[in-house]
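So you know, we letter chains A, B, ... as the sequences are listed, proteins then strands, and number each from 1.
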2 protein chains.
Amino acid sequence: MSALPPAELLLTLAEPTRLRIVNCLAAAPLFVSDLQGVLDLPQPTVSRHLTVLKKARVVRDTPIAQFVLYRIRQESGPHGRLLQAVIEAMGHDEAMRLERHRALDRSRAHGRGRLPSTRVGTGSQTGGGDLSGGEANS
Amino acid sequence: MSALPPAELLLTLAEPTRLRIVNCLAAAPLFVSDLQGVLDLPQPTVSRHLTVLKKARVVRDTPIAQFVLYRIRQESGPHGRLLQAVIEAMGHDEAMRLERHRALDRSRAHGRGRLPSTRVGTGSQTGGGDLSGGEANS
DNA sequence: TGCGTAAATTCGCCTAAGCGTATATATGTC
DNA sequence: GACATATATACGCTTAGGCGAATTTACGCA
């Protein structure tokens with residue numbers, strides 16, 4: 001299915017902005033607008049990078065109303081282990097840890113009837129993020 | 001000392017040719033000319049990439065006579081673990097495994113009084129590589 | 001059904017970086 | 001000390017890909 005060579009994955013991850021995005025998503029699933037806010041980047045930029053990450057099977061997207069929730073795609077093969085190693089490595093970088101925290105904060109703002117900016121009643125759990133490089137994922 | 005951000009390391013590794021070089025060196029320490037032969041690349045190309053890898057602390061160089069032996073720099077921090085994960089991931093790629101094997105073969109040719117092409121009497125151990133993408137590393 | 005907002009896509013520009021070629025430096029040999 | 005070889009470096013070209021700006025598409029709401 002995947003079998004995409006490691007080179008491919010690395011090429012995808014080895015981009016500062018993309019790495020920041022992955023870093024944030026490692027803290028918690030986020031909407032595009034959240035990433036936009038946390039990383040202070042123009043919306044098209046975020047969107048483009050997310051597209052690339054999606055193609056490389058690094059993230060998974062879940063449309064919710066007019067929003068799209070992105071999350072890290074947890075796999076078990078070599079691909080997944082490599083990704084996990086990258087995420088873990090970022091956990092030792094000060095700047096990355098900071099952004100990860102801000103991402104988690106932003107994520108907590110949802111799930112309490114407060115979607116990105118509008119208000120939606122659908123029961124969407126947003127938690128499940130993992131700080132400090134742990135695992136646990138169904 | 002290093003504390004070079006993960007982004008830096010990824011940027012360095014996320015280059016097809018460089019990845020191939022690292023892959024070969026994961027099998028065994030090699031001379032520049034060996035890499036040149038195994039990867040079938042012009043010498044300046046190999047040299048340039050090795051320089052980049054050296055700056056990123058991915059490899060270590062050891063001059064021996066007029067040759068230079070390159071080897072993977074085994075570290076223990078996050079940096080080292082990430083590198084190890086990358087190497088391990090490559091062990092699952094067919095093409096990479098093939099080249100790794102050829103690199104090991106080439107490496108075995110030395111250490112028996114048969115340096116790259118000239119003949120040197122200095123006792124230079126060349127073994128120490130690790131194939132089959134396994135672990136086990138002191 | 002028209003408006004407002006979220007996200008994706010397109011276009012053109014621009015810079016980073018890899019490559020080939022040529023050359024420089026170091027080291028060993030006769 | 002001249003020469004041969006191993007490796008490193010310099011230079012110019014070329015291309016991949018990231019970015020800003022504008023536009024399109026999708027969806028919800030009044």
Side-chain angles (χ1 to χ4, degrees), chain A residues 7-8 10-22 25 29-56 59-71 106 110 113-122 124, chain B residues 7-8 10-22 25 29-56 59-71 106 110 113-122 124:
Chain A
E8 198 88 11
L10 284 176
L11 227 352
T12 302
L13 295 177
E15 206 286 324
T17 305
R18 233 138 43 206
L19 205 56
R20 287 174 71 203
I21 291 179
V22 169
L25 292 180
L30 293 169
F31 293 99
V32 177
S33 57
D34 291 331
L35 286 166
Q36 186 182 344
V38 173
L39 304 175
D40 190 33
L41 290 171
Q43 180 267 324
T45 297
V46 176
S47 217
R48 261 176 314 200
H49 283 302
L50 283 171
T51 301
V52 176
L53 287 170
K54 191 164 72 169
K55 278 193 198 140
V59 302
R60 173 196 306 278
D61 65 327
T62 311
I64 295 177
Q66 72 262 50
F67 312 104
V68 180
L69 186 67
Y70 278 87
R71 76 184 67 207
R106 172 82 67 139
H110 316 316
R114 196 137 63 266
L115 264 278
S117 73
T118 316
R119 183 166 48 93
V120 175
T122 322
S124 64
Chain B
E8 198 88 12
L10 284 176
L11 227 353
T12 302
L13 294 177
E15 206 286 325
T17 305
R18 231 135 49 203
L19 206 55
R20 288 174 68 202
I21 291 179
V22 169
L25 293 180
L30 292 169
F31 293 99
V32 177
S33 57
D34 292 331
L35 286 165
Q36 185 182 344
V38 172
L39 304 174
D40 189 33
L41 290 172
Q43 179 267 323
T45 297
V46 176
S47 215
R48 260 176 315 198
H49 283 301
L50 283 170
T51 301
V52 175
L53 288 170
K54 190 164 73 171
K55 278 193 199 141
V59 302
R60 171 197 307 277
D61 65 327
T62 312
I64 295 178
Q66 71 262 52
F67 312 105
V68 180
L69 187 67
Y70 278 88
R71 75 184 68 208
R106 172 82 66 138
H110 316 316
R114 195 137 63 266
L115 265 278
S117 73
T118 316
R119 183 165 48 92
V120 176
T122 322
S124 65

Q: Measure the distance from CG on B:Leu35 to P on D:dT7 and round it to the nearest whole Å.
A: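 Roughly 9 Å, once rounded to whole Å.
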Q: Are A:Leu35 and A:Leu50 close enough, and set up right, to give a side-chain contact (heavy atoms from CB on, under 4.5 Å), and what steps lead you there?
A: CA-CA 10 Å; A:Leu35 286 166; A:Leu50 283 171; 4.0 Å; yes
Q: In this structure, how many angstroms lie between the P atom of D:dA6 and the CG atom of B:Asp34, rounded?
A: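 Result: 11 Å.
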Q: Quick one: is B:Thr51 getting a side-chain N or O under 4.0 Å of the D:dA8 phosphate, OP1 or OP2?
A: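 Answer is no, no contact under 4.0 Å.
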Q: Rounded to whole angstroms, how far apart are CZ on B:Phe67 and P on D:dT5?
A: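 Rounded to the whole Å, the gap is 11 Å.
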Q: With a 3.5 Å distance limit and no angle check, can you tell me whether B:Arg18 reaches the backbone of B:Thr12 through a side-chain donor-acceptor pair?
A: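 Between the backbone of B:Thr12 and the side chain of B:Arg18 there is a qualifying donor-acceptor contact (under 3.5 Å).
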Q: Expressed as a whole number of angstroms, how long is the span from B:Arg20:CZ to C:dG18:P?
A: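 After rounding, the reported distance stands at 15 Å.
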Q: Check the distance between D:dA26's P and A:Asp61's CG and give it to me in whole angstrom.
A: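 For the pair A:Asp61 CG and D:dA26 P, the rounded distance is 15 Å.
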Q: Which of these nucleotides, C:dT9, D:dC27, D:dT7, is closest to any side-chain atom of A:Gln66?
A: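 For the A:Gln66 side chain, the nearest candidate turns out to be D:dC27.
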Q: Can you check whether B:Ser33 reaches B:Val46 side chain to side chain, under 4.5 Å on heavy atoms?
A: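 The answer is no, as the side chains (C-beta and beyond) never meet within the 4.5 Å cut-off.
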Q: Among residues at least two apart in sequence or on other chains, which ones pass side-chain hydrogen bond (donor to acceptor under 3.5 Å, both in side chains) with B:Lys55?
A: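 Once residues adjacent in sequence are excluded, B:Lys55 has no partner under the side-chain hydrogen bond (donor to acceptor under 3.5 Å, both in side chains) criterion.
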Q: Please report the interatomic distance CD1(A:Ile21) to CG(A:Leu13), rounded to the nearest 0.5 Å.
A: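 So the CD1 of A:Ile21 and the CG of A:Leu13 are separated by 11.5 Å.
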Q: Where along residues 12-19 of chain A does a heavy atom come under 4.0 Å from DNA chain D, residue by residue in number order?
A: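 Only A:Glu15, A:Thr17, A:Arg18 qualify.
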Q: In whole angstroms, how far is the C1' atom of D:dT7 from the CD1 atom of B:Ile64?
A: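 In whole Å, D:dT7 C1' and B:Ile64 CD1 are 14 Å from each other.
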Q: Roughly how far, to the nearest 0.5 Å, is CG of B:Leu11 from CD of B:Glu8?
A: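 Taking CD in B:Glu8 and CG in B:Leu11, the distance rounds to 7.0 Å.
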Q: Could you measure the distance from the NE2 atom of B:His49 to the OG1 atom of B:Thr45? Nearest 0.5 Å is fine.
A: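 The distance works out to 6.0 Å.
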Q: Is the phosphate of D:dG17 approached by A:His49 (side-chain N or O, under 4.0 Å from OP1 or OP2)?
A: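 Answer is no, no contact under 4.0 Å.
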Q: For DNA chain D, find the residues of residues 36-48 of chain A with a heavy-atom distance under 4.0 Å and give them by number; none if there aren't any.
A: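 Per residue number, the list reads A:Pro42, A:Pro44, A:Thr45, A:Arg48.
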Q: Which whole-number value in Å describes the distance from B:Leu50 CG to D:dT9 P?
A: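 The answer, rounded to whole Å, is 11 Å.
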Q: Rounded to the Å, how far apart are B:Phe31 CZ and D:dA8 P?
A: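 Nearest whole value for this atom pair: 12 Å.
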Q: Could you measure the distance from the CG atom of A:Leu69 to the CG atom of A:Asp61? Nearest 0.5 Å is fine.
A: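 A:Leu69 atom CG to A:Asp61 atom CG measures 9.0 Å (nearest 0.5 Å).
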Q: Under 4.0 Å: is that the gap between some side-chain N or O of B:Tyr70 and OP1 or OP2 of D:dA8?
A: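 Checking B:Tyr70 against D:dA8: at least one side-chain N or O falls below 4.0 Å of OP1 or OP2.
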Q: Testing the basics here: between B:Arg106 and B:Gly37, what is the closest heavy-atom pair and its distance to 0.1 Å?
A: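 In terms of heavy atoms, the two residues are closest at NH2-CA, 3.5 Å.
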